[in-house]
Amino acid sequence: MTEKELNSAFEKAFEKASNTEVQLPPDIMLHFYAYYKHATYNEALHTPSGNNIVRNAFKLNALFQIKNMSQDEAKIKYIELVNKHL
């Protein structure tokens, strides 16, 4: 898959995920969050925002688990999650 095809598939997957009404379990939502942030954020590690300390800790843990993954790998994993769960 070319980079252009990957980016197009990722954008379509993001649109589908953004517009779904499917209620997903929190652990799956954390995977969506981590893969999306890693695929779209240019810094070494994204720091979660918000004032819920426990939720931010879970988000940060999810990001740590994929920190060695490339942005393209994160996009592929995100697309696979959308195809599997939505």
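Quick caveat: nothing in here was measured; it's all calculated off a predicted structure. As a basis for the values below, the full set of heavy atoms in this structure was taken, side chains included, without hydrogen atoms, waters or symmetry mates.
- With sequence neighbours excluded, the residues satisfying side chain to side chain donor-acceptor pair (under 3.5 Å) with Glu73 are Ser70.
- When all heavy atoms of Asn56 and Gly50 are compared, the pair lying nearest together is ND2-O, 3.0 Å.
- Applying the 6.0 Å contact sphere to CE of Met29 captures no more than 12 heavy atoms from other residues, nucleotides or ligands.
- No donor-acceptor distance shorter than 3.5 angstrom exists from the side chain of Gln65 to the backbone of Ala34, with no hydrogens or angles considered.
- Under the 4.5 Å side-chain heavy-atom criterion for grouping Ile, Leu, Val, Met, Phe, Trp and Tyr, Val82 is connected to Met69 within one hydrophobic cluster.
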Return all side-chain donor-acceptor pairs below 3.5 angstrom for residues 9-22, not counting sequence neighbours, or 'none' if the list is empty.
{"unit_1": "Glu15", "atom_1": "OE1", "unit_2": "Asn19", "atom_2": "ND2", "d": "3.3"}
{"unit_1": "Lys16", "atom_1": "NZ", "unit_2": "Leu86", "atom_2": "O", "d": "2.9"}
{"unit_1": "Ser18", "atom_1": "OG", "unit_2": "Phe14", "atom_2": "O", "d": "2.8"}
{"unit_1": "Asn19", "atom_1": "ND2", "unit_2": "Glu15", "atom_2": "O", "d": "2.9"}
{"unit_1": "Thr20", "atom_1": "OG1", "unit_2": "Val22", "atom_2": "N", "d": "3.1"}

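- Taking Ile, Leu, Val, Met, Phe, Trp and Tyr as hydrophobic and joining them when side-chain heavy atoms fall under 4.5 Å apart, one finds Val54 in a cluster with Leu30, Phe58.
- Atoms OH and CG, from Tyr36 and Leu81 in turn, are 14.5 Å apart once rounded to the nearest 0.5 Å.
- A search for side chain to side chain donor-acceptor pair (under 3.5 Å) contacts involving Glu5 returns Thr2, not counting sequence neighbours.
- In this structure Phe32 satisfies the ring pair (Phe, Tyr, Trp, His ring centres under 6.0 Å) test together with Tyr78, sequence neighbours excluded.
- Across all their heavy atoms, Gln71 and Ala39 have their closest contact at NE2-O, 3.3 Å.
- Between Leu63 and Lys37 the shortest heavy-atom distance is CD2-CB, 4.0 Å.
- Applying the side chain to side chain donor-acceptor pair (under 3.5 Å) rule to Asn61 yields no partners; only residues at least two apart in sequence or on another chain are considered.
- Here the shortest heavy-atom pairing between Pro48 and Lys59 reads CG-CB, 3.7 Å.
- Rounded to the nearest 0.5 angstrom, Glu3 CD and Asp72 CG are separated by 5.5 Å.
- Nearest heavy-atom pair, Leu6 versus Met1, reported as atom, atom and distance to 0.1 Å: CA-SD, 3.4 Å.
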